[in-house]
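Presented below is the structure to which this report refers.
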Amino acid sequence: MTVAENLPLTSSHWGTYRARVSNGRVQELLPFEHDLDPSPIGPGIIDVQHGPTRIDAPMVRKSWLEGGPGHRPELRGVDPFVAVSWEEANKLVAGEIDRVRKNFGNQAIFGGSYGWASAGRFHHAQSQLHRFLNCAGGYTKSKFTYSFAAAEAMVPHILGSFREYLDTSTSWDLIRDHTELFVCFGGIPLKNGQISQGGTGRHYQREKLIAAAAENIDFVNISPIRADLLESVGGEWLALRPNTDTALLLGVAHTLHTEGLSDPAFLNQYTEGFDEFLPYLLGQSDGIPKSAAWAADICELNEDDILSLARRMAHKRTMISVSWSLTRQDHGEQAFWAAITVAAMLGQIGLPGGGFGFGYSAMNYIGGDFAILPYSALPQGKNPVRDFIPVARITDLLTRAGETVEFDGQTLTYPEIKMMYWAGGNPFHHHQDLGRLMEAWQKPDTVIVHEWCWNSLAKRGDIVLPCTTPLERHDIAMTPRDPYIVSMSKLTEPYAQSRNDYDIFAGIASELGISQAFTGGRSDAQWLRDIYEETRANVAHLGHDLPEYEKLLETGWHKLDDPSEPKIMLKDFRNDPVKNALSTPSGKIEIFSKTVSDFGYDDCPGHTVWREPYEWLGGSDQSHPFHLISNQPPAKLHSQIDHGSVSRASKVNGREALRIHPLDAQTCGVKDGDLVRVYNNRGACLGTVVTDTTLRRNVVQMSTGSWFDPLDPSDPYSLCKHGNPNVLTRDKGTSKLGQGPSAHTCLVSVEPFSGIPPKVTAHEPPEIIRK
Ligand SMILES: Nc1nc2c(c(=O)[nH]1)N[C@H]1C(S)=C(S)[C@@H](COP(=O)(O)OP(=O)(O)OC[C@H]3O[C@@H](n4cnc5c(=O)[nH]c(N)nc54)[C@H](O)[C@@H]3O)O[C@H]1N2
Ligand SMILES: Nc1nc2c(c(=O)[nH]1)N[C@H]1C(S)=C(S)[C@@H](COP(=O)(O)OP(=O)(O)OC[C@H]3O[C@@H](n4cnc5c(=O)[nH]c(N)nc54)[C@H](O)[C@@H]3O)O[C@H]1N2
Ligand SMILES: [Mo]
């Protein structure tokens with residue numbers, strides 16, 4: 001054992017680290033010795049765990065404190081905060097919850113609080129919040145995720161489930177051994193494989209991809225960005241127009257059918273409704289055959305490349321990977337449906353190395369070997385409130401009380417929201433059209449936030465309660481999607497007056513008289529032990545021996561055995577489609593879904609279709625000539641630790657990079673290092689030019705995650721000085737079916753910024769009044 005292996009462990013969504021601690025501070029975070037491809041993200045927290053961006057005491061917006069609920073300046077985010085005691089803060093929050101529920105009902109509290117929070121089974125902010133609000137009478141919640149809401153609604157209609165097929169994606173090892181052609185829409189972005197929700201023990205996407213590439217697999221990277229596939233893997237790059245993947249897949253389907261390359265026996269035995277889809281594919285229903293030539297025109301690719309791709313897919317063992325980004329765009333339901341349709345026509349679903357997969361390397365766990373085990377968690381209790389929103393309809397919820405929204409066959413009514421409670425998510429990171437959100441954000445009487453740092457959300461709360469980081473509490477990283485269980489040590493004392501979310505809620509619960517209901521009479525240490533021991537008992541029945549709790553604390557980690565067999569998605573269904581029928585109405589893969597068709601949605605009919613996105617490079621309105629890809633940031637998770645050293649080092653001159661093809665940069669009259677204004681009709685932000693030949697022409701790229709930093713905080717549509725692309729994206733649901741976010745559909749203009757560059761203030765705390 002090396003010296004480092006005696007150091008205490010901590011874990012995060014981006015990896016497990018050993019910590020060198022002295023003088024009450026974490027001095028160094030070293031990669032866990034079992035992680036052969038550690039993420040550089042981890043140590044970024046060290047220089048901001050203490051210091052001015054940390055929230056050091058409970059804070060109340062001055063206007064709210066003085067005038068009560070509903071009192072604020074023009075816009076939240078303008079006036080100063082007043083530091084108060086925990087006692088006072090607990091009373092204010094409890095009193096406000098009580099006022100709202102008595103006068104308006106519990107549905108007037110929005111507690112969806114979407115977001116990633118931190119790793120750790122017990123101190124998971126949303127779990128804590130939801131349990132707490134359920135004890136207080138319930139709340140309006142949200143359904144699905146920003147990651148792939150369109151697929152969460154759509155894929156169950158096609159395959160009977162969506163999540164199940166993320167967990168059973170065909171193992172990388174079988175791809176290595178059997179796949180001949182790997183067609184990846186959106187590439188295999190290793191930057192994203194750094195992450196896995198709930199904790200990552202060992203990163204394997206890079207090593208698995210390289211091992212597969214060594215086996216002479218032909219890769220076809222279908223993406224506006226060549227760098228979405230590791231350069232050394234080689235292969236072909238089809239730089240299609242963004243958002244046209246469905247058209248390309250239809251062109252492939254048309255070629256397979258008309259050239260007699262599809263597998264009618266598979267379609268017949270395992271799928272439903274191909275005959276309803278065919279007239280559309282052939283153009284009999286609308287006069288437009290979805291031929292390779294037709295697709296080439298939409299995607300701006302060569303017809304021959306599409307024909308050749310289709311033929312190769314039919315003649316080789318082919319894996320089709322569709323990136324999750326394809327769902328976060330207008331009509332984001334369609335590309336996954338089209339990919340499943342093409343895979344069904346190829347007839348290789350359920351064979352080793354063939355078929356389809358959802359987003360290889362979207363996260364570390366895709367294509368991994370792990371057993372999904374019944375891990376225990378903090379019980380949530382029951383929510384008596386039935387109201388909910390599709391997750392990305394938050395702005396509509398605030399602005400359209402009493403109006404209805406169509407969603408996956410239901411008609412929902414937006415309740416009137418008086419209070420919002422956020423813990424573990426950042427809507428000023430994740431939501432689209434931040435100007436529109438800023439306006440809507442003023443509607444509720446009160447916004448309560450638990451945060452550890454003064455980020456874009458905390459600055460826009462009314463009552464801001466300081467929470468700990470995972471470095472300041474004991475927890476266990478334990479997720480069914482990673483074989484490593486890690487005892488996360490409490491490395492330092494909580495910063496200043498910060499408290500664990502659990503303790504914060506326990507304090508408020510006590511004011512509300514629901515202390516026993518919330519805590520169950522247990523301390524956090526007891527909960528943690530109980531959750532672990534319950535898990536240990538559950539998995540013992542399934543033949544897995546976990547160490548006793550004390551033993552785990554001592555050794556620090558445990559790795560579950562690999563499952564005996566690598567996974568092949570839908571293998572059992574292929575082997576016996578009657579016994580292992582899917583949970584769709586037909587029991588088969590639904591190429592046509594009567595359920596979806598019967599919803600009667602104009603924007604989502606009963607089989608996959610190409611529909612023009614609301615704005616795209618092939619559209620009639622080209623007043624903004626660039627398609628903006630605001631994808632996941634390589635140097636952080638979303639907005640987390642944007643102020644830390646690793647994320648700061650990724651910025652160029654202190655702002656987010658705007659990547660652009662050198663020839664496009666020339667057209668705009670800008671060069672590397674120049675400050676540019678990126679804008680459209682919804683908003684504008686600054687960025688620093690980085691020219692990049694791996695981009696398709698007319699595509700620009702700006703990672704998400706730089707904290708929203710308006711030049712004029714009292715103007716909702718103010719220029720963002722820092723480079724947050726969500727001031728540019730549109731806030732529109734993918735369709736009536738999924739109502740998912742459509743951030744990846746966005747056109748912008750780019751121009752040089754003239755004048756004195758405004759100072760970035762995103763990482764500065766607000767003005768604070770100390771009594
Ligand atoms: N333009 C554009 N927008 C996007 C996307 C895109 O591709 N393009 N992607 C979308 C996707 S896929 C997602 S998942 C979302 C992500 O959106 P979010 O998950 O909301 O983003 P995070 O920055 O991870 O927010 C988590 C917050 O929790 C806080 N936190 C961490 N630990 C704790 C804790 O212990 N307690 C409490 N109380 N708080 C804690 C962090 O400080 C942070 O503010 O963004 C979406 N937005
Ligand atoms: N480092 C890091 N990793 C992360 C995250 C993070 O914040 N940071 N977030 C995690 C989360 S919550 C999620 S949901 C996953 C998301 O995983 P993805 O959805 O895969 O993430 P993105 O980076 O948005 O998109 C991947 C690539 O798709 C390409 N793309 C965009 N639009 C199109 C299109 O129309 N057609 C095609 N063919 N390609 C397109 C872009 O070039 C982009 O690089 O990532 C996870 N991993
Ligand atoms: Mo996500």
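Sequential numbering from 1 along the given sequence is applied to the chain's residues. We count ligands from 1, going down the list as the structure has it; atoms in each ligand are counted the same way. Keep in mind it's a predicted model, so treat the numbers as computed, not measured.
Put simply, the side chain of Tyr114 never gets that close to the backbone of Ser142: no donor and acceptor are under 3.5 Å apart. The backbone N or O of Val48 sits nowhere less than 3.5 Å from a side-chain atom of Arg54 that would complete a donor-acceptor pair. Between the Trp707 side chain and the Ser639 main chain, a donor and an acceptor come within less than 3.5 Å of each other.
Under a 4.0 Å criterion applied to the non-hydrogen atoms of Glu451, ligand 1 contributes the atoms 27 (C), 28 (O), 29 (C), 41 (C), 42 (O), 43 (C), 44 (O). In summary, the atoms of ligand 1 found under 4.0 Å from a heavy atom of Asn455, numbered by their order in the structure, are 44 (O). Less than 4.0 angstrom separates some heavy atom of Ala125 from each of these atoms of ligand 1: 36 (N), 37 (C), 38 (N). Contact atoms of ligand 1 toward Ser118: 31 (C), 32 (N), 33 (C) (distance under 4.0 Å to a heavy atom of the residue). Of all atoms in ligand 1, numbered sequentially from 1 with element shown, those under 4.0 Å from a heavy atom of His450 are 37 (C), 38 (N), 39 (N). The contact set between ligand 1 and Asn426, taken as ligand atoms under 4.0 Å from a residue heavy atom, comprises 20 (O), 25 (O), 44 (O).
Distances shorter than 4.0 angstrom do not occur between any heavy atom of His124 and any atom of ligand 1. Using 4.0 Å as the threshold, Cys467 has a heavy atom nearer than that to some atom of ligand 1.
With respect to the salt-bridge test (charged N to carboxylate O, under 4.0 angstrom), the residues Asp396 and Arg436 qualify. Residues Asp642 and Lys651 are paired through a salt bridge, judged by an N-O separation under 4.0 Å between the basic side chain and the carboxylate. Between Arg730 and Asp330 there is no salt bridge, since none of the side-chain N atoms of the basic residue sits less than 4.0 Å from a carboxylate O of the acidic one.
Below 3.5 Å of separation, one finds no N or O of His123 facing any N or O of ligand 1. Backbone and side-chain nitrogen or oxygen atoms of His431 are examined, and none is located within less than 3.5 angstrom of a nitrogen or oxygen of ligand 1.
Residues satisfying the ring pair (Phe, Tyr, Trp, His ring centres under 6.0 Å) test with Trp454, not counting sequence neighbours, are Phe81. For Phe144, the ring pair (Phe, Tyr, Trp, His ring centres under 6.0 Å) partners two or more places apart in sequence, or in a different chain, are Phe407. Checked against ring pair (Phe, Tyr, Trp, His ring centres under 6.0 Å), His474 has no partners two or more places apart in sequence or in another chain.
At least one cation-pi condition fails for Arg131 and Phe505: the charged atom is not both under 6.0 angstrom from the six-membered ring centre and inside a 45 degree cone around its axis.
Considering all non-hydrogen atoms of both residues, His450 and Cys467 come closest at C-SG, 4.4 Å.
Within 4.0 Å of ligand 2, the residues that place a heavy atom are Trp116, Ser147, Gly186, Lys191, Asn192, Gln194, Ile195, Ile222, Ser223, Pro224, Ile225, Asp228, Leu240, Pro242, Asn243, Asp245, Ser323, Trp324, Ser325, Leu326, Arg328, Gln329, Ala362, Met363, Ile629, Asn631, Gln632, Pro633, Pro634, Lys636, Leu637, His638, His744, listed by chain and number.
Under 4.0 angstrom from ligand 1, the non-hydrogen atoms of Asp501 all belong to its side chain.
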